[in-house]
Amino acid sequence: MSDLPSWPVSTDRERELLDQVLASPQWGGFHPMIGEFERKFAAYQHCSHGVAAVNGTVTLEMMLVAAGIGPGDEVIVPAISFVSTASAVSRVGATPVFVDVEPFSFNMDPAQAQQAVTSKTKAIMAVHFGGSLADMDALMALAAETGVMLLEDAAHAHGAEWKGKRAGSFGLASSFSFQNGKVMTAGEGGIVLTNDGAFAERMRGFMNQGRRPGYSFFHHFEVGNNYRMSAFHAAVLLAQLERLDSQIELRMRNWPVLAGVPGIRWQEVPAAVNRNPWYLLLGRIDAAEFGETRDAFCGRLQASGIPVTPFYPHTLYQNPMYMGGLPHRVLPCPVAEACVLDAFWLPFRLLMGDEAMTARIADVVRGDRLPVEPN
Ligand SMILES: Cc1ncc(COP(=O)(O)O)c(C=O)c1O
């Protein structure tokens, strides 16, 4: 298929806002559009403060630094995620503790997270994999019981809702990514959201070269860094945010057409997730049930022009840096290790055509295998 919906997409609205930046004397991190984007995106995700930055990897680091997490501390992370979830913990000198995911939600198993808590645990980092939220009722209860901070790596979860409450608003703070493949993007970009004003100020100090509000530009109170987002990024993101709702609704409408392909164990989305941005279209393949192995399935789709990723090649803790001795702890993760062998994902842009386009894609995904007879 050569006529698949493409991503990213832009309209004259991006150009209009970019022109405003170009016409101004401030292209950098101090243009008012950045503050405007921080306020609008924070409110969109039901939070009161946002601190935008250059990408969703440094925003994880900013969040951990502001939370006071460092050497000697442990942070519980799921064994399945993009590397930044764990590497940000390692970069601040803390120890990631890897726990398994649930069999079909691809999200952290709260029961195992509970077993992983020790006197060293400072935070649980929930990841909303593919856009569908981790079990927030269970993880909030665990954080409350143990006094451990709840943080969210919401890099996949723009606009996602658990019982009407948006991703990123559950714990002390949350991190989002606006990298090129995300459901809203400026090519690169990230933001931390929080409802704690003092926490937001600490983060802003660290990512703005150790400055404090009310002091001169050349007063630096801590060893910070420059992670400021440029005004060009904020301009594009403001325009992208305006279209996000209608794009999510389109994907939610089209999803059942693809999910109708029998034999694939599509991601289980809990009933509590009343709004899913469908960032990744995730599934697992039982070769006996589906009649094709995961790798044969991926090869067939790729040959037909459907982009498919045969999952991560390993769990997070099987990355060379952790295998090579970088401090970490691992609980048994049989589900994560099985997903590496039988799971896949399709990109969300496949759900951004009309229903007929989605039906054509579903036909290719189904292939000409004989339907499996129910027992
Ligand atoms: C779960 C997760 N966390 C963090 C990141 C890092 O975001 P960025 O690529 O903006 O640095 C990603 C990026 O894909 C991600 O998938």
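Indexing begins at 1, ligand by ligand and atom by atom, following the structure's order. One-based numbering along the sequence shown.
Smallest separation of non-hydrogen atoms from Val335 and Pro103: CG1-CA, 3.5 Å.
Atom numbering of ligand 1 starts at 1 in the shown order; those under 4.0 Å from a heavy atom of Thr57 are 6 (C), 7 (O), 8 (P), 11 (O). Taking a cut-off of under 4.0 Å to the non-hydrogen atoms of Asp153, the atoms of ligand 1 that pass are 1 (C), 2 (C), 3 (N), 4 (C). Ligand-side atoms of ligand 1 in range of Gln179: 9 (O), 10 (O), range being under 4.0 angstrom from any heavy atom.
At a heavy-atom cutoff of 4.0 Å, ligand 1 is contacted by no atom of Glu188, backbone or side chain.
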Begin with the C-alpha distance, continue with both residues' side-chain angles, and end with the deciding distance and a verdict on side-chain contact (heavy atoms from CB on, under 4.5 Å) for Arg253 and Trp255. CA-CA 6 Å; Arg253 273 200 308 279; Trp255 168 248; over 6 Å; no
Evaluate Thr185 against Trp7 for side-chain contact (heavy atoms from CB on, under 4.5 Å), listing each step before the verdict. CA-CA 10 Å; Thr185 182; Trp7 187 262; 3.9 Å; yes
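The pair Lys40-Glu242 does not meet the salt-bridge criterion, since no charged nitrogen lies less than 4.0 angstrom from a carboxylate oxygen.
In the displayed structure, Glu16 atom CD is contacted under 6.0 Å by more than 12 heavy atoms of other residues, nucleotides or ligands.
The nearest protein atom to atom 13 (C) of ligand 1, hydrogens excluded, is given as Lys182 NZ, 3.2 Å; this is a heavy-atom distance. Atom 12 (C) of ligand 1 has Phe82 CD2, 3.4 Å as its closest protein atom, hydrogens excluded (heavy atom only). Taking atom 16 (O) of ligand 1 as the reference point, the nearest protein heavy-atom neighbour is His156 NE2, 2.7 Å.
Close N/O approach between Ser84 and ligand 1 is not found [any backbone or side-chain N/O within under 3.5 Å]. Ligand 1 has no N or O atom lying under 3.5 Å from any N or O atom of Ala155, backbone or side chain. The shortest N or O to N or O distance between Tyr279 and ligand 1 is not under 3.5 Å. Below 3.5 Å of separation, one finds no N or O of Ser81 facing any N or O of ligand 1.
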Donor-acceptor list for residues 151-159 side chains, cut-off 3.5 Å, not counting sequence neighbours:
from, atom 1, to, atom 2, distance (Å)
Glu152, OE1, His128, NE2, 2.8
Glu152, OE1, Gly168, N, 2.6
Glu152, OE2, Gly168, N, 3.4
Glu152, OE2, Ser169, N, 3.4
Glu152, OE2, Phe170, N, 2.9
Glu152, OE2, Gly171, N, 3.4
Asp153, OD1, Ala155, N, 3.2
Asp153, OD2, Thr85, OG1, 2.8
His156, ND1, Gly130, N, 2.9
His158, NE2, Ser177, O, 2.8

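Geometric assessment of Arg329 against the ring of Phe98 yields a negative cation-pi assignment under the 6.0 Å and 45° thresholds.
Between His219 and Phe221, the ring-plane angle classifies as tilted under the 30° and 60° cut-offs.
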